[in-house]
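Both backbone and side-chain heavy atoms feed into the values below; hydrogens, waters and symmetry mates do not. Treat the numbers as computed from the prediction; the structure is a model and nothing was measured. One-based numbering along the sequence shown.
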Amino acid sequence: MSRIRGLKTRRNAELGLLVFAMLLVAAFGATVEANQFDEIRPNFWVPAGLIGILFFGLHMVVRFTAPFADPVLLPSVALINGIGVAFLRRLDLENAIANKLAIPGFFAETSGRQLAWTLLSLILAAVLLLLLRDHRVVSRYAYTLGLVGIVLMMIPAVLPASISEVNGAKLWIRLGSVSIQPGEFAKLALVSFFAYYLVRKREVLSLASHRVLGIDFPRGRDLGPVLTVWLFSLLVLVFEKDLGTALLYFGLFIVTLYVATERSSWLIIGLLLFFGGVYVAYLLGDVVGGPFANFYDRAEIWLDPFSQENYERKSGNSYQLVQGLLGLGTGGLFGTGPGAGSPFKVPEVRTDFIFAGLGEEIGLFGLAALLIIYLLIVERGLHAALAVRDSFGKLVAGGLAFTLGLQVFVILGGITGLIPLTGQTTPFLSAGGSSLMANWLLIAMLLRISDAARRPANTPAERAGGPKKAPTQLHGAMTEVIKP
């Protein structure tokens with residue numbers, strides 16, 4: 001096993017897991033070809049091999065820049081990313097066969113573009129690891145990052161719908177054939193700002209004024225930051241017409257606040273504020289319409305997707321949700337098999353509804369396995385947050401891990417009918433560059449923090465980095481977050 005001055009770094013374990021992940025991706029591709037062509041062609045392994053080379057390159061960067069990083073993070077994300085590319089390749093093959101077109105090359109169509117986006121995302125992650133050798137440096141630019149995050153979050157809301165709206169949600173900036181979702185990068189900037197702000201203000205925000213049913217509630221004067229973020233989240237809900245993004249931003253702040261203060265009352269206040277605001281927006285959509293109308297329509301579709309009225313709407317109908325639910329139901333427990341389903345019956349199967357398309361072919365068991373991998377990534381992020389020695393790192397890692405988990409929840413909740421549909425894309429699976437780049441930067445930051453957390457205190461990097469002893473504050477809240 002690789003060592004730095006005699007210390008175990010677990011990088012060889014990471015490499016072994018990475019090879020195993022790519023073998024699973026190659027097996028997925030082979031099954032697709034067997035179902036699409038009734039044979040497995042000799043070059044079936046090429047997509048898995050190409051993407052495996054890219055991940056090996058990032059592994060080498062991690063080996064030399066973050067040698068003590070968690071060995072499970074990179075292989076887990078690589079497996080999900082690889083399955084995403086393989087499924088998009090499967091869609092390209094079916095499209096070519098159905099339309100009697102030439103079989104696309106490995107660098108063509110949607111899967112080829114996703115491969116290119118993966119390369120760019122891994123380059124960005126590698127650059128972050130190379131340039132950022134201590135995660136605490138980010139705190140120096142916290143207020144700048146906070147301003148950047150707010151600007152990125154609000155830009156689509158003020159742009160004309162012709163260049164910002166897709167499927168009813170204003171989350172994009174589209175210029176010709178190029179499009180970007182700035183909110184994906186806003187969440188990274190806002191996590192850093194929230195962490196820095198709460199490290200400085202946690203003692204004030206931890207003060208209690210009233211005790212109700214055994215729960216200490218904060219002073220009224222300390223509600224200002226929460227009300228401000230709540231207002232911003234409602235503005236996102238109304239003007240960007242997306243529940244998932246609003247929930248993501250507000251949930252991120254409330255959970256980070258809970259971890260910083262260890263006060264469960266903040267969770268209660270946050271839930272009451274958010275769901276109260278959503279209910280008021282729903283009522284205003286029914287009575288007033290205007291900017292609230294889109295959310296009202298989505299809520300109506302969610303409440304009864306199979307109604308004739310919702311199914312036959314000229315715009316914003318429930319057709320997509322119904323087809324996704326039917327696809328998941330068709331898959332059953334074990335699925336039809338990769339390449340043997342009918343994913344194109346679900347609109348937006350390449351992006352928002354990729355879970356539904358995959359669910360039809362890998363079944364409930366396959367989706368459960370995929371969700372367990374997501375859960376593993378979140379758990380490793382929370383473990384890094386618990387183990388790292390500085391409060392800023394704890395809040396950043398905890399916030400990033402929670403962000404990833406909440407994003408998966410709002411997507412899966414939307415396509416299964418648990419919550420209204422959102423415009424979010426599935427991390428590492430869906431086609432698109434913005435989400436892929438932002439989430440790989442998120443993983444790079446978790447790798448950097450986990451390296452600091454697992455690095456022995458007597459190594460040169462730790463001696464140069466600051467205090468060796470872990471602060472006791474925040475430890476209790478982080479333990480509550482990750483314990484079963």
Distance-only donor-acceptor check, side chains S430 and T425, under 3.5 Å: no

Closest approach of A246 to S233 (non-hydrogen atoms, all atoms of both residues): CB-O, 3.2 Å

CD1-CD1 distance between I155 and I180, expressed to the nearest 0.5 angstrom: 9.0 Å

S121 to W440 - nearest heavy-atom pair and separation: CB-CD1, 3.6 Å

Check: S435 side chain, G432 main-chain N or O, donor-acceptor pair, under 3.5 Å: no

A385 versus G398, closest heavy-atom pair with distance: CB-N, 3.5 Å

Closest approach of S318 to P305 (non-hydrogen atoms, all atoms of both residues): OG-O, 2.6 Å

Separation between OH of Y296 and CD1 of I301, rounded to the nearest 0.5 Å: 11.0 Å

Any donor-acceptor N/O pair, K394 side chain to V388 backbone, under 3.5 Å: yes

F37 atom CZ, neighbour heavy-atom count above 12 within 6.0 Å: yes

Atom pairs and distances, side-chain donor-acceptor, residues 366-378, under 3.5 Å, sequence neighbours left out:
residue : atom : partner : partner atom : Å
Y374    : OH   : P427    : O            : 2.4

Residue from E33, E361, E109 passing salt bridge (Lys or Arg N to Asp or Glu O under 4.0 Å) with R90: E361

Heavy-atom donor-acceptor pair, N99 side chain to L101 backbone, under 3.5 Å: no

With V61, the side-chain contact (heavy atoms from CB on, under 4.5 Å) member among L128, L129, I123: L129

Spatial distance of atom CG (L395) from atom CG (L400) [nearest 0.5 Å]: 10.5 Å

Backbone N/O of S179 and side chain of R174: donor-acceptor pair under 3.5 Å: no

L273 and F250, any side-chain heavy atoms less than 4.5 Å apart: yes

Rounded distance [0.5 Å steps], CZ in F306 versus CG in L325: 5.0 Å

Heavy atoms of other groups near Y279 OH, more than 12 under 6.0 Å: no

Side-chain donor or acceptor of W302 paired with backbone N/O of L418 under 3.5 Å: yes

Test item: S450 side-chain N/O and D70 main-chain N/O as donor-acceptor pair under 3.5 Å: yes

Any side-chain heavy-atom pair of L115 and L119 under 4.5 Å: no

Intermediate values then yes/no, side-chain contact (heavy atoms from CB on, under 4.5 Å), L188 and L442: CA-CA 7 Å; L188 302 180; L442 182 154; 3.8 Å; yes

Least distance between heavy atoms, V62 atom then A69 atom: CG1-CB, 4.3 Å

Carboxylate-amine/guanidinium contact E360 K345, below 4.0 Å: no

side-chain contact (heavy atoms from CB on, under 4.5 Å) assessment of L248 paired with L252: CA-CA 6 Å; L248 188 67; L252 167 63; 5.8 Å; no

Validation row: F28, I362 side chains within 4.5 angstrom (heavy atoms): yes

Closest heavy-atom pair and its distance - A356, L328: CA-CD2, 3.9 Å

Check against side-chain contact (heavy atoms from CB on, under 4.5 Å), F353 and L421: CA-CA 10 Å; F353 272 70; L421 280 174; 3.5 Å; yes

Step-by-step side-chain contact (heavy atoms from CB on, under 4.5 Å) determination, K187 to Q407: CA-CA 11 Å; K187 65 187 182 185; Q407 189 168 347; 2.5 Å; yes

Between OG1 on residue T426 and CG on residue N439, distance to nearest 0.5 Å: 10.0 Å

Polar side-chain atom of N95 near backbone of L91 as donor-acceptor pair, under 3.5 Å: no

Euclidean distance, I53 CD1 relative to H59 NE2, rounded to 0.5 Å: 14.5 Å

